[in-house]
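A quick note: this is a predicted structure, and the numbers were derived from the prediction, not measured. Atoms within each ligand, like the ligands themselves, are counted from 1 in listed order. For this chain, numbers begin at 1 and follow the sequence in order.
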Amino acid sequence: MTDERVTEIISVECLRVPAEELTPEKIKKKTEERTMDESSKQVLKKTMEEGVETAWDRFEKQQPMCKFCSTGVSCQRCAMGPCRLMGGDRVRGVCGADADLIVARNLLDQIATGAASHSDHGREVVDTLLKTSRGEAPSYSITDVPKLKRLAKEYGIDIERPVGKVGEDLAEAMLEEFGTLKGELQMPKRAPEESVKIWKEANILPRSIDREIVESMHRVHMGVGAEFSDMLVQGMRASMGDGWGGSMMGTEISDVLFGTPTIRRSKVNLGVLKHDHVNISLHGHNPVLSEMVVKAAGLPEMQEKAKGLGAKGINLVGLCCTGNELLMRKGIHQAGNHMDQELVITTGALEMMIVDYQCIFPTLTNTAACFHTKVVSTSPKSKIPGSLYFEITPENALEQSKHMIKMAIENYPNREPKRVLIPDHPMDAMVGFSVEAIRDALGGSLKPLLDVVLSGKVRGCAAIVGCNNPHIKHDFGHITLAKELIKRDILVVETGCASIACAKAGLMLPESIKDAGKGLKEVCGSLKIPPVLHMGSCVDCSRILNLVAELARLAGVRIDQLPVAGAAPEWYSPKAVAIASYYVGSGVSVCLGIMPKITGSPNVVRFLTQDVEAAVNAKFWVEPDPRKAAALMSDHIEMKRKDLNL
Ligand code: BF8
């Protein structure tokens, strides 16, 4: 390496599966079984023809999966084990833990992992506000000053001072809440008082963000938590610190720094790559990095450099949630969701993939080694063997971004045109539905939305969130569920990979109201909006909390009384477990499409699907068939309507 800022951690090899084992018929069959997305199908076929290994291949190699692990009754927690509960005389681990405790410990560990991931991301965003406000991160600026002031007011900060001072105080007040001694967080107070009262009584109001995560990890240690239901309640409290704390800060302060999303048009699917441009994909979650890459790519010197090497320009495309952040705020085209990440490289047209953290396959560099693509990692938390490493901080992000983009441009001549496959027909999508944007579209208040729900034209709202998972055909769960719900006059709001799935399927176009029920068709038709609204990335699930909190306040009811429901049809990630937990904790029942690893304990299953309802008026369902899931959610919404005499 000529530049000392760049470190190639280690070189890796292209991972191949024997292509000769697959006949064209087999390839066709596998393609149809693996994904629903037409653009993904074309490139997936190419992976099989060229023998490029994907997560689907690795999933197949893992079969049959261990039944102890699948049911949650294997324990790796201490050195007396590992233990597996096999029935008979081995119904307890060496320490004495039974199935209930082992399953509950494993689940609490997952929730804490998810809450930590979101909240650590949120902390980095707030830290960027602090440095920006102090003038230590000159490439960043405060874009949404009115929102900064609204938030500062909420935190009791004097806003009649220079913006930098207000920003500094707000950032400090938020950072303090990660380990606050106040014993409570500010933003849960956005919910109706009666909801907060329930959370207090259920013992799930978080005392600080970090404390609940640390305490969760303490409780899973052998010899600490021994009562399974108590462990699950702690999981809910940690998740509430994520939803109403870390994630909400991540969303709100990203808006302050980079702009609150407004409704706009963009394009999605693998067809957004361009033959005659330097293609760079941004993958991961934190907009602190990606916003600077966008800024650097737009510099005339970069465009000139690209032209000098024969390209018409630089084409930035998003993946996963960092893509959602850019799509919502800037309309940057989105190449795909979780299961598309290897396919973007397999197009053969990607010069560079820049990643920050979360949901990045560690083998992406192996995929890249099959082509000319360079993978760049940027976070000290997420170094990837085989990647080039450019450490990004708020202070150096623009300079580092320029450097990365130059390298991507220099890689353009290495593209092998014969191996390039870019699908035709990128799909149009309408995106950018922040709560503020929805309010604006409705004339300044959410009241018109509430009114159409009260009148019954729209029966209720459903949030579809979360990932892709090879346990289910790529995008099938999201798309089928969304179609079934809008048919029943239920407005759908989405985040994360769910939103990308539906955008790729054309459900985020105003024209898709043709598939909606009569009432929803009329409402969305008059507003010229789609029946499925893109509300952002996974941390933006907090936008959905804000939406339901505001609707409940307007209606004068608790959140759990609203005719709403949540779903994660294709979830894989611990972050999704945290999201589902804070939705249920907040009073919104959630339908999971993939069974969590809990069936080894019928008591844990009963607690989550029944008992928890007595405490928070919401519960989990598990239903792998999205058509049945839609019926369940719709029945639930109708029951809530009946309870409100609607
Ligand atoms: O945070 S939806 S696969 S990309 S975890 Fe990951 Fe799941 Fe996608 Fe975004 Ni969320």
- Query: By ring-ring contact (aromatic ring centres under 6.0 Å, His included), which residues pair with His338, not counting sequence neighbours?
  - Reply: Phe361, Tyr572

- Message: So, at under 2.8 Å, which protein N, O or S atoms would a careful student list around atom 7 (Fe) of ligand 1?
- Response: Cys467 SG

- Item | Contact list for residues 465-480, test salt bridge (Lys or Arg N to Asp or Glu O under 4.0 Å), sequence neighbours left out | Asp475-Lys504

- Under the salt bridge (charged side-chain N to carboxylate O under 4.0 Å, His left out) test, which residues partner Glu124, sequence neighbours left out? Lys381

- Euclidean distance, Met36 CE relative to Asn468 CG, rounded to 0.5 Å: 12.5 Å

- Task: Return the residue, atom name and 0.1 Å-rounded distance of the protein heavy atom closest to atom 1 (O) of ligand 1.
- Result: His285 NE2, 2.7 Å

- Glu623 and Ala629: which non-hydrogen atoms are nearest, and at how many Å? CG-N, 3.5 Å

- Message: How close do Ile209 and Gly246 get, counting heavy atoms only, and between which atoms?
- Response: CD1-N, 3.6 Å

